[in-house]
Amino acid sequence: MPRRCTGTKIVLLIALLGASSCVPEGPPTGDGAPAPARSTASVVRASTEPAGKVFSDDFERAELGAAWNALSPKWKIVSGRLCARGARNQGVWLKQPLPINAVVEFDAIAETDVGDLKAEIWGDGKSGATQSSYVNATSYLTILGGWKNSKHVLARLDEHGDDRLEMDVEAEGDDERARPVAPGQVYRFKVERSDGRTVRWSVNGSEYFEFADPEPLVGSGHEHMGFNNWDAPVCFDNVRITSL
């Protein structure tokens with residue numbers, strides 16, 4: 001139990017030590033449980049990552065440049081957008097590390113009704129698929145209109161994993177989030193993490209999924225974002241990363 005201090009003791013301790021072995025009692029929790037410890041992620045963010053913009057790219061140039069690591073020659077800048085078709089899960093990674101707690105935003109555009117808009121957040125910055133199915137990712141994967149525009153998915157490490165969050169696409173229905181990806185439409189992705197463990201994914205201002213990860217992808221091997229592609233023609237643009 002915290003030690004109580006009274007008048008004379010408080011004055012003496014402040015005068016001699018400027019601090020104290022005297023700890024005031026805090027308010028009750030209501031259920032008797034100890035207050036939760038601050039997450040490691042929050043401590044790291046507070047001490048080393050000032051809030052604010054970390055990176056942005058509008059791809060208004062001819063060549064991809066040194067800021068990005070493309071695993072396939074299929075990734076090219078076309079008319080001010082980063083585009084690919086047939087990359088077979090060999091993505092393109094941003095070399096600059098992500099903060100543990102950040103907001104990652106970008107535009108995603110499908111050029112056909114196949115959809116399949118895919119990004120990777122908090123991955124290793126160098127790996128792609130080593131087999132036909134992407135079961136060995138290093139990141140969280142956001143997939144809008146995947147599997148021939150039949151599912152929207154937020155996955156962890158394995159896009160086919162049993163723990164993935166998914167929504168079946170419905171052409172008709174009350175939930176606009178479940179609509180298939182429309183060719184040519186700009187979808188503004190927003191992926192954020194503010195507590196070191198909970199990943200939230202929104203598209204055009206509507207939240208699709210929230211995943212509270214009991215074993216969050218942080219630290220070495222989970223510090224980069226990138227885009228990915230299987231076969232459908234897709235483009236990305238207007239990347240903005242903000243530290244929280």
Side-chain angles (χ1 to χ4, degrees), residues 39-84 87 89-109 117-128 137-144 154 156-157 186-205 207-208 211 213 216-229 234-244:
S39 70
T40 301
S42 296
V43 173
V44 171
R45 190 270 304 162
S47 62
T48 65
E49 296 168 2
K53 188 172 71 173
V54 174
F55 178 85
S56 63
D57 197 341
D58 60 9
F59 302 110
E60 293 295 333
R61 56 187 182 275
E63 301 295 332
L64 186 55
W68 296 86
N69 174 29
L71 305 183
S72 167
K74 300 290 186 178
W75 293 99
K76 299 177 181 179
I77 291 181
V78 180
S79 301
R81 291 173 171 172
L82 176 57
C83 302
N89 283 325
Q90 299 299 308
V92 56
W93 292 98
L94 177 64
K95 293 181 182 179
Q96 181 169 326
L98 291 180
I100 289 174
N101 294 318
V103 178
V104 180
E105 299 173 274
F106 54 87
D107 295 339
I109 306 99
L117 299 172
K118 183 187 302 187
E120 301 195 51
I121 317 294
W122 290 293
D124 71 358
K126 61 184 180 181
S127 297
T138 60
S139 63
Y140 300 103
L141 300 110
T142 58
I143 308 170
L144 192 71
L154 173 60
R156 178 188 184 277
L157 301 179
V186 175
Y187 294 91
R188 186 67 177 174
F189 280 42
K190 180 180 181 181
V191 183
E192 58 185 314
R193 180 169 63 186
S194 60
D195 62 357
R197 63 186 296 268
T198 305
V199 177
R200 296 179 175 87
W201 176 32
S202 301
V203 180
N204 291 346
E207 185 170 293
Y208 277 55
F211 179 56
D213 192 349
L217 305 182
V218 297
S220 180
H222 306 293
E223 299 175 296
H224 298 271
M225 67 83 59
F227 304 115
N228 216 323
N229 166 263
V234 297
C235 294
F236 301 93
D237 201 0
N238 298 318
V239 179
R240 181 182 177 90
I241 300 169
T242 306
S243 176
L244 295 178

If you take all heavy atoms of [X] and [Y], which pair is closest and at what distance?
X      : Y      : result
Trp93  : Thr138 : CH2-OG1, 4.1 Å
Leu64  : Ala70  : CD2-CB, 4.1 Å
Leu94  : Ala67  : CD1-O, 3.5 Å
Asp237 : Arg188 : O-NH1, 4.1 Å
Lys95  : Trp68  : CE-O, 3.6 Å

Looking at side-chain heavy atoms only, is the closest gap between [X] and [Y] below 4.5 Å?
X      : Y      : value
Trp201 : Phe189 : yes
Leu217 : Leu157 : yes
Asn204 : Tyr187 : yes
Val203 : Leu144 : yes
Asn69  : Val92  : no
Leu98  : Glu223 : no
Val199 : Ile121 : no
Lys74  : Cys83  : no

Query raised in the report: Would you call Asp213 and Arg197 a salt bridge, taking side-chain N to carboxylate O under 4.0 Å as the test?
Result: no
Backbone N/O of [Y] and side chain of [X]: donor-acceptor pair under 3.5 Å:
X      : Y      : result
Tyr140 : Val191 : no
Asn101 : Gly196 : yes
Glu60  : Ser79  : no
Trp75  : Gln90  : yes
Trp122 : Pro216 : no
His222 : Ser139 : no

Query raised in the report: Checking side-chain contact (heavy atoms from CB on, under 4.5 Å) for the pair Val103/Lys190: CA distance, chi angles, key distance, verdict?
Result: CA-CA 7 Å; Val103 178; Lys190 180 180 181 181; 3.7 Å; yes
Going from [atom1] on [X] to [atom2] on [Y], what distance comes out if it is rounded to the nearest 0.5 angstrom?
X      : Y      : atom1 : atom2 : result
Arg81  : Phe59  : CZ    : CZ    : 11.5 Å
Leu82  : Ile109 : CG    : CD1   : 10.0 Å
Glu120 : Met225 : CD    : CE    : 9.5 Å
Asp195 : Ile100 : CG    : CD1   : 11.5 Å

Report task. Check whether the ring centres of Phe106 and Phe227 lie less than 6.0 Å apart, and answer yes or no. Result ->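 Between Phe106 and Phe227, the centre distance is under 6.0 Å.
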Report task. Before giving the answer on side-chain contact (heavy atoms from CB on, under 4.5 Å), spell out for Arg193 and Arg200 the whole-Å C-alpha distance, their side-chain angles and the decisive distance to 0.1 Å. Result -> CA-CA 7 Å; Arg193 180 169 63 186; Arg200 296 179 175 87; over 6 Å; no
Report task. Pick out which of Ile143, Thr142, Asn229 makes a side-chain contact (heavy atoms from CB on, under 4.5 Å) with Lys118. Result ->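 Considering Ile143, Thr142, Asn229, a side-chain contact (heavy atoms from CB on, under 4.5 Å) with Lys118 is found only for Ile143.
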Query raised in the report: Are Asp124 and His224 close enough, and set up right, to give a side-chain contact (heavy atoms from CB on, under 4.5 Å), and what steps lead you there?
Result: CA-CA 6 Å; Asp124 71 358; His224 298 271; 5.8 Å; no
**Report entry** Enclosure of Lys126 NZ (heavy-atom neighbours >12, cutoff 6.0 Å)
**Finding:** no
